[in-house]
Amino acid sequence: LILSNGVTILTTKFVQGTTLLKMFIVPKTITRITYEAFPRCGIELISLPYGITTIENGCFRECNHLQRITVPHTVTTFEQNSFANCYALSEVNIPDGVNSLPTSCFDSCYSLREVILPDNIETLDGNIFNECRSLLRIHIPSKVTIIPGMTFFNCKALYSININQG
């Protein structure tokens, strides 16, 4: 997949249904990726360019085969449903500049095993890790004062929640 140098935005259903594309390194010219750009495709690995600041609402929603994503430190905002229904996602790095995780951010990421939240996280909204059936452990920073209901609903493998005391 080759994009011209003039392309700056990847829009809705950009690669929907492309089952043979397994890896995608997003070009540095891309400054924005919109709602559901990668639904139901075969991509397993995505690397985002330095400069992107927001993982938009549902951006990777239903990217069913996505296993790993490299998120640059320039990202400061994850919007709701960012990775919802990414069934194969096993790891994701959350940059230090992110201070909140919105509703259903990782909802139904069945293969997500461990999440390391940066110390800057202050807010966790509901259903963030709903149905993350492989989630084993999570460390919650001391700045988080409320853990809403349904945050870990049906996280059947979860055996360790480490809550830092400030």
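Keep in mind it's a predicted model, so treat the numbers as computed, not measured. Start at 1 with the first residue, then count along the sequence.
With respect to the salt-bridge test (charged N to carboxylate O, under 4.0 angstrom), the residues E44 and R68 do not qualify.
When each of N85, N127, N81, N154 is checked for a side-chain contact (heavy atoms from CB on, under 4.5 Å) with S108, only N85 meets the rule. No option in Y110, F106, F153 other than F106 meets the ring-ring contact (aromatic ring centres under 6.0 Å, His included) test with F129.
Other residues, nucleotides and ligands contribute only 12 or fewer heavy atoms inside 6.0 Å of the CD1 atom of I116.
Here OH of Y50 is found 13.5 Å from NZ of K28. Values are rounded to the nearest 0.5 Å. Here the CD1 atom belonging to I147 is positioned 13.0 Å from the CG atom belonging to D125, to the nearest 0.5 angstrom. In this structure, the separation between OG on S82 and CD1 on I94 is 10.0 Å, given to the nearest 0.5 Å. Here the CZ-CZ distance, from R40 to R61, works out to 9.5 Å after rounding to the nearest 0.5 Å. Note that OG1 of T8 is 11.5 Å distant from CD1 of I33, once rounded to the nearest 0.5 Å. Note that the CG atom of L66 and the CG atom of L89 stand 5.5 Å from one another [nearest 0.5 Å].
Between R137 and I161, the closest side-chain pair of non-hydrogen atoms is not below 4.5 Å. Contact of the I46 side chain with the T70 side chain is not registered, since no non-hydrogen atoms from C-beta on lie closer than 4.5 Å. Side-chain contact check for V15 versus L21: some heavy-atom pair is nearer than 4.5 Å.
In terms of heavy-atom proximity, H73 sits nearest to D96 at ND1-N, 4.4 Å. Here the shortest heavy-atom pairing between P95 and P118 reads O-CG, 3.3 Å. Between I121 and L101, the shortest heavy-atom contact is CD1-CG, 4.1 Å. Between G42 and K22, the shortest heavy-atom distance links the atoms O-CD, 3.4 Å. The shortest non-hydrogen separation linking P72 to I52 is CG-O, 4.4 Å. Across T54 and E79, no two heavy atoms sit closer than the pair CG2-OE2, 3.7 Å.
In this structure, L48 is not a member of the same hydrophobic cluster as L45, with clusters built from ILVMFWY side-chain heavy atoms closer than 4.5 Å. A single hydrophobic cluster is seen to contain both L158 and V92, as judged by linkage of ILVMFWY side chains at heavy-atom distances under 4.5 Å, directly or through other members. Taking hydrophobic clusters as Ile, Leu, Val, Met, Phe, Trp and Tyr residues chained together by side-chain heavy-atom distances below 4.5 Å, I163 shares a cluster with I128. In the hydrophobic clustering of ILVMFWY residues, with side-chain heavy atoms under 4.5 Å counting as a link, L112 and L117 come out together.
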Before giving the answer on side chain to side chain donor-acceptor pair (under 3.5 Å), spell out for N130 and D107 the whole-Å C-alpha distance, their side-chain angles and the decisive distance to 0.1 Å.
CA-CA 5 Å; N130 180 46; D107 186 4; 3.0 Å; yes

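F14 and F38 have perpendicular rings, their planes meeting at more than 60° on a 0 to 90° scale where under 30° would count as parallel.
Qualifying side chain to side chain contact (heavy atoms under 4.5 Å, CB included) partners for N93, counting only residues two or more places apart in sequence or in other chains: V71.
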